Every structure is written in C-alpha cells, then in structure tokens.
Amino acid sequence: MARDDDDALSWGGEVDDPTHVDGVGGGRSVDPPAGSSTERTTSSALLVLYGILVGAYLLSAIGWVVGIQRDTFTAGNLFFEIMYQFGEFLAVASPVLWFSLTFLLTRHSRPIIRILWLVLGLVLVAPWPFLVAGAAA
Amino acid sequence: MTGNGNGNGRARLATASVLIVSGLFYAWDVVEAALNLQQLITLVAVLNTRDAELIEAGLQPAVVPWVPAVTAILLPPVAFALAVLLGRGRSLGMRALCLAAGLAVVAALTLSVTAFA
C-alpha cells in the first residue's frame, strides 16, 4: 500500500528515466530578492522626476527665446551689438549647458545631489525677463 | 620621456588657451557692466538735478538700479573662479564645458537682474 502512495507522487516513471533532468527551481523559492521591488520603484520615480526636470529646462530655453525676441534693445555700435547678441545666445543655451554639466559632474553622486543641483539651476537660469514681463502683462 | 614631456606641454598649452579665451569673454562681461555703471552714474547726476524739481512738484524721484549694476560687475569674476575650481583635475573638455556653462549663467543672470531693475 505504501508503495502505491509513492507511485502517486512520481510522474510517468521519471525516477527511472535516465534522460530526466530536474528543473532550475529545484523546489526552492522563486521569490524576488528582498529590496529589488523598492529599488525598481525608486528608479521609476527618479525617471519621472528627471523627465519633469528635462521638460522644465526645455521650457526654460523656450522662455529665453521668446523673452529675447521681445527685447528691443540695440547697442550703440556693431561690436557692442554682436557681443550683446552673443550674450543673448548664451542665455538661451544656459539651461542646456547647466543640465549637461550637472549630469556629467554628478555621474557618481547620489541622485538627491543631482536633483538638488538641477533644481538650483532651474532657479538660476530661469527666463526671468520673460516671466517678469509675463507677470506684468 | 621626451614624448611624455611634449604631451604634458601640449596639454598645458591647450588648458591655458581655453582659460585665456574664455577669460577674455568673462573680462568683456566685466567691461560691459562697468560701462553700464559709468553711464548710470552720469544719468544719476542728471537725475539729481531733476529730483529736486520732482519732489517740489510732489512726484517721486526715479529709483536708481544700483544693485543690478553692481551685481553685473561682480558676477563674471565669481563665476570664472567657480568654473576654474570645478574644472580642476578634469579633462580639457570638461573644463571647457564648466567655463562655457559659467559664461552662459552669467549672461542669463545679467539679463535677469536687468529685468528685475
């Protein structure tokens, strides 16, 4: 009788089958390692945050373009005018340059450090002439 | 050994070139801001004579934007120093990027403080 019960736990004579190979699991738990779920959530949240920051920096650059198009200032001579327009070009490029520099310099830093630098940059290179004019309009 | 010495010499020359060229742009920002301050001082001298008339007429005298004018002079040297410090011990490309970003931030902040004036 006991022999019949043991037979019920085996399948198609697998015990005697020389070609049978045990599965990878081998009866062990297949639960994900502890903490992996939290890490995945954090990185997703970070990705969303980076996406928001990229959008804000892009809007910043667009704000500078619009703000500069509204600027009616013209310098006295050609050299001053060229340098003034070069300054305006740099102002448009400032969000892109700050973002790139922050990403390159904080490659090995903690994400919070990178985010803090990015937020600081967002305040520093915000298109204030456009924002102030927009608020006044 | 000589090849290595030449390599170091070239690297130093390239670093010095980047520092000098970007330094000239930073210096121009200071000159531009100083010229603006000089014009402002001349304008204030004219306004002072008018202020007495305005006050007599019961009007407010014009507010002189001293803070933006002085900030525009101080920003470039501070940004240049920070960019040089940040780029120390890094590759030439990173140094150039630090200096370019500093120059761009100076340009953006100068326009911004003018907007607030």
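Numbered from 1 within each chain, the chains take letters A, B, ... in sequence-line order. Predicted model, so just to flag it, every value in this text is computed and none were measured. We use all heavy atoms of the structure for the numbers below, so side chains are in, but hydrogens, waters and symmetry mates are not.
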Give a yes or no on this: more than 12 heavy atoms of other residues, nucleotides or ligands lie within 6.0 Å of atom CZ of A:F89.
no
Proximity breakdown for A:F79 and chain B, heavy-atom pairs closer than 4.5 Å:
side chain
Give the cluster check for A:F103 versus B:M94: same hydrophobic cluster or not, with ILVMFWY residues linked at side-chain heavy-atom distances below 4.5 Å.
no
Spell out, yes or no, whether B:V106 and B:V70 are grouped together once hydrophobic residues are joined by side-chain heavy atoms under 4.5 Å, including indirect joins.
no
Are B:L82 and B:F25 grouped together when hydrophobic residues (ILVMFWY) are joined by side-chain heavy atoms under 4.5 angstrom apart?
no
Establish whether A:V54 and A:I115 are linked, either directly or via other cluster members, by ILVMFWY side-chain heavy-atom contacts under 4.5 Å.
yes
Would you compute the distance between atom CG of B:L97 and atom CG of A:L101 and round it to the nearest 0.5 angstrom?
4.5 Å
Rounded to the nearest 0.5 angstrom, the OG-CH2 distance for B:S112 and A:W64 is 3.5 Å
Table please: side-chain donor-acceptor pairs of residues 28-47 of chain B below 3.5 Å, with sequence neighbours left out.
from	atom 1	to	atom 2	distance (Å)
B:N36	ND2	B:E32	O	3.4
B:T42	OG1	B:Q38	O	2.9

Give, for atom CG of B:L99 and atom CG of A:L97, the distance between the pair rounded to the nearest 0.5 Å.
11.5 Å
Interface residue of largest heavy-atom contact number with chain A, from B:L111, B:V113, B:V105, under 4.5 Å
B:L111
Euclidean distance, B:C98 SG relative to A:L105 CG, rounded to 0.5 Å:
5.0 Å
Counting heavy-atom pairs under 4.5 angstrom with chain A, the leader among B:G102, B:A115, B:A108 is B:A108
